[in-house]
Trainee: 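Before I ask anything, let me first share the structure, which is written out below as structure tokens.
So you know, we letter chains A, B, ... as the sequences are listed, proteins then strands, and number each from 1.
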Amino acid sequence: MANETSEIKEKSLNFLEEIIEESIAKGETRVQTRFPPEPNGYLHIGHAKSICINFGLAKKYGGKCNLRFDDTNPVKEDVEYVDSIKRDIKWLGFDWAIERYASDYFDQLYDWAVVLINKGLAYVDDQTQEQIREGRGTVSVAGTMSPFRNRSIEENLDLFTRMKNGEFADGARVLRAKIDMAHPNMLFRDPIMYRILHTEHHRTGNKWCIYPMYDYAHGESDSIEKITHSICTLEFDVHRPLYDWFIEALEIFPSHQYEFARLNITYTMMSKRKLLKLVQEKAVMGWDDPRMPTICALRRKGYTPASVRAFAEMVGVAKRDNIIDLGKLEYCVREDLNRIAERRMAVLNPLKVVITNYDEHKTECFSAINNPGDEAAGSRQVPFSQVIYIERDDFMEEPSKKYFRLSPGNEVRLRYAYLIKCEEVVKDADGTITELHCTYDPLSGNGSSSDGRRVKGVIHWVSVKDALPAEIRLFNPLFTKENPDDVEEGQTWEDNLNPESLISITGYLEPSLKGATVGQTFQFERVGYFCPDTDSTPEQPVFNRTVTLKDSWAKMNK
RNA sequence: UGAGCUAUGGUGUAAUGGCAACACUACAGAUUCUGGUUCUGUCAUUCUAGGUUCGAGUCCUGGUAGCUCAACCA
């Protein structure tokens with residue numbers, strides 16, 4: 001029997017879950033969602049949120065989620081994008097019930113347009129693009145009616161057929177819904193349903209030279225698929241009345257649209273158009289450049305699907321505008337990687353240390369734990385010799401008060417190996433430190449020391465003669481401003497690009513990292529999480545920094 | 001300026017008329033062969049002015065602020 005203390009407090013519902021539960025309470029027996037990307041670019045973290053919502057809701061309520069490509073504008077779309085989108089959704093861990101394209105419905109959509117013409121609810125307009133724009137009015141001034149608005153049904157039918165048959169040039173005519181040129185909602189001022197585009201479509205080829213607009217195609221596509229909950233972002237809320245208008249006018253299955261606030265992240269650009277520009281202008285290596293917010297970039301950078309899903313869960317779903325701290329995304333990867341990533345040692349900014357009382361011909365191996373949180377991960381052997389690299393940050397000639405790493409006369413623990421003491425600092429003519437001479441305590445190899453003394457500092461190291469040199473790519477935010485669109489007078493968002501977003505250096509890795517392959521992920525102890533890049537080869541290894549470790553020492557010294 | 005949407009800590013999300021909760025961040029401390037992890041603690045009179053009510057973050061009215069809409073894009 002459940003008693004009060006064993007009761008688990010139920011997690012509260014988000015507003016979409018509430019809507020669904022209400023509809024179920026009212027007798028709805030089905031939950032059918034859809035994820036409807038336009039194949040005109042790569043999916044980004046904002047789409048990941050939408051994917052998690054749509055597939056997550058379907059899963060939670062025993063329903064299904066379709067994948068539907070919204071491919072109504074052939075001039076911007078391409079199969080390259082279709083393939084990447086499918087791959088990214090699968091990588092995130094979701095699978096769709098059915099795969100469809102808005103273009104699958106072009107015939108049906110055309111027939112329905114004819115229905116609307118016959119009902120006197122649509123007409124062919126011969127005005128130019130300019131004239132149509134002027135006729136629409138403004139937010140505070142009513143529009144004016146097109147001189148072609150009152151054509152007969154027969155003439156409209158004839159003209160629309162001829163539009164379809166390719167008799168007219170691009171832009172010569174459009175099909176418009178006949179609604180209300182004075183409507184306060186601009187979208188109701190006789191919205192365009194079809195435009196002429198003599199462009200080859202990536203799926204329908206040259207079959208069509210007229211293509212439906214989003215507002216006409218989307219709700220009808222939802223209706224055809226009997227979508228119960230059509231979920232989209234907030235900027236589409238003004239489209240909802242029109243979405244409903246077409247469905248009611250056509251008397252077809254009533255899908256309903258619900259809107260949530262899109263994801264924004266500090267220091268991150270989410271606009272597909274602008275991301276495309278970065279790719280085209282080669283400001284980044286490509287859509288999967290690890291500095292991009294795209295899903296393929298996150299994958300390449302070393303993010304796990306679970307961490308992206310956890311992030312989507314963490315940011316929640318609501319209708320108010322938001323800007324999420326980039327730190328939250330980093331928290332999510334660290335949390336996942338801390339659990340699963342094997343530890344290794346690597347020195348990114350080397351300082352040579354000679355251990356003067358250690359046999360110069362000797363190499364011995366120390367056992368190092370692969371993952372302190374996972375005993376099953378086991379351990380590995382790490383070679384040690386007389387000359388090693390340590391991080392330059394781990395030595396300070398004149399240490400500040402709370403510094404407990406290496407300094408002249410001071411002793412530190414080499415992780416998994418000996419205690420060493422700095423005896424001499426060697427400098428070049430410029431005064432730059434070139435190497436350190438240290439002595440070691442031969443009895444300290446097992447974690448103890450010769451006389452029971454304990455040291456606070458533990459630093460990582462790599463044996464110079466065994467080290468594996470590798471290119472290390474350090475990534476920083478792509479933009480210098482929290483909001484990349486926050487621009488000074490006379491500047492553009494591109495002026496906010498961070499010149500230090502990519503720093504490439506040579507690091508020295510422990511030899512066990514040889515042969516690491518794409519998909520593996522490691523923690524370089526005390527430094528961060530790293531993974532082999534897709535550019536990596538056995539001869540020239542390349543590692544990406546996924547995210548740094550939390551560093552409270554660095555923060556203290558800011 | 002017409003219409004629509006939204007206002008709760010630094011950030012995000014809860015609280016469904018009854019003690020403002022959870023997570024991230026920040027700060028303080030404990031543990032630690034990673035200045036990591038883990039653990040403990042600290043951080044709000046809910047945009048504003050009125051009203052309804054025994055009782056309002058929640059309901060009502062006015063104001064203010066932010067976002068969205070005037071592509072033959074989605």
Trainee: Does a distance-only test, which skips hydrogens and angles, find a donor-acceptor pair under 3.5 Å between the side chain of A:H239 and the base of B:A74?
Mentor: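 A donor-acceptor contact between them is present.
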
Trainee: Walk me through it: do A:R68 and A:E225 pass the test salt bridge (charged side-chain N to carboxylate O under 4.0 Å, His left out)?
Mentor: CA-CA 10 Å; A:R68 184 175 69 238; A:E225 294 175 21; 3.2 Å; yes

Trainee: Is the side chain of A:S444 donor-acceptor paired with the backbone N or O of A:D441 at a distance under 3.5 Å, no angle test?
Mentor: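 Such a contact is found between A:S444 side chain and A:D441 backbone.
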
Trainee: Does NZ or CZ of A:R344 come closer than 6.0 Å to the centre of the six-membered ring of A:F522, within 45° of the ring's axis?
Mentor: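 Geometry flag: not set, cation outside 6.0 Å or 45°.
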
Trainee: Is a donor on one side and an acceptor on the other found under 3.5 Å between the side chain of A:R405 and the backbone of A:P399?
Mentor: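 No: the side chain of A:R405 does not pair with the backbone of A:P399.
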
Trainee: Any N or O donor-acceptor pair under 3.5 Å from the base of B:U34 to the side chain of A:R343?
Mentor: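 Yes, the side chain and the base share a sub-3.5 Å donor-acceptor pair.
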
Trainee: Could you check whether A:E525 gets within reach of a base, just the sugar-phosphate, or nothing at all, counting any heavy atom under 4.0 Å?
Mentor: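 The residue A:E525 makes base contact.
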
Trainee: Report yes if a donor N or O on one partner sits less than 3.5 Å from an acceptor N or O on the other, where the partners are the side chain of A:R405 and the base of B:G35; otherwise report no.
Mentor: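 Checked by distance alone, the answer is yes.
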
Trainee: With both distances kept under 3.5 Å, what pairs with B:C54, Watson-Crick or G-U wobble?
Mentor: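 Pairing partner: B:G18.
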
Trainee: Just checking A:G171: base, sugar-phosphate only, or nothing, at a heavy-atom cut-off of under 4.0 Å?
Mentor: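 Base contact.
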
Trainee: Check every strand shown and say whether A:P372 touches a base, only sugar-phosphate, or nothing at a heavy-atom separation below 4.0 Å.
Mentor: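 Since a base atom lies under 4.0 Å of A:P372, the category is base.
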
Trainee: Taking N and O atoms by type only, does the side chain of A:K319 place a donor or acceptor under 3.5 Å from a partner on the base of B:U6?
Mentor: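 Flag unset: no donor-acceptor pair detected.
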
Trainee: Assign A:V75 to base, sugar-phosphate, or nothing according to its heavy-atom contacts below 4.0 angstrom with the strands shown.
Mentor: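 A:V75: no heavy atom of the nucleic acid under 4.0 Å.
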
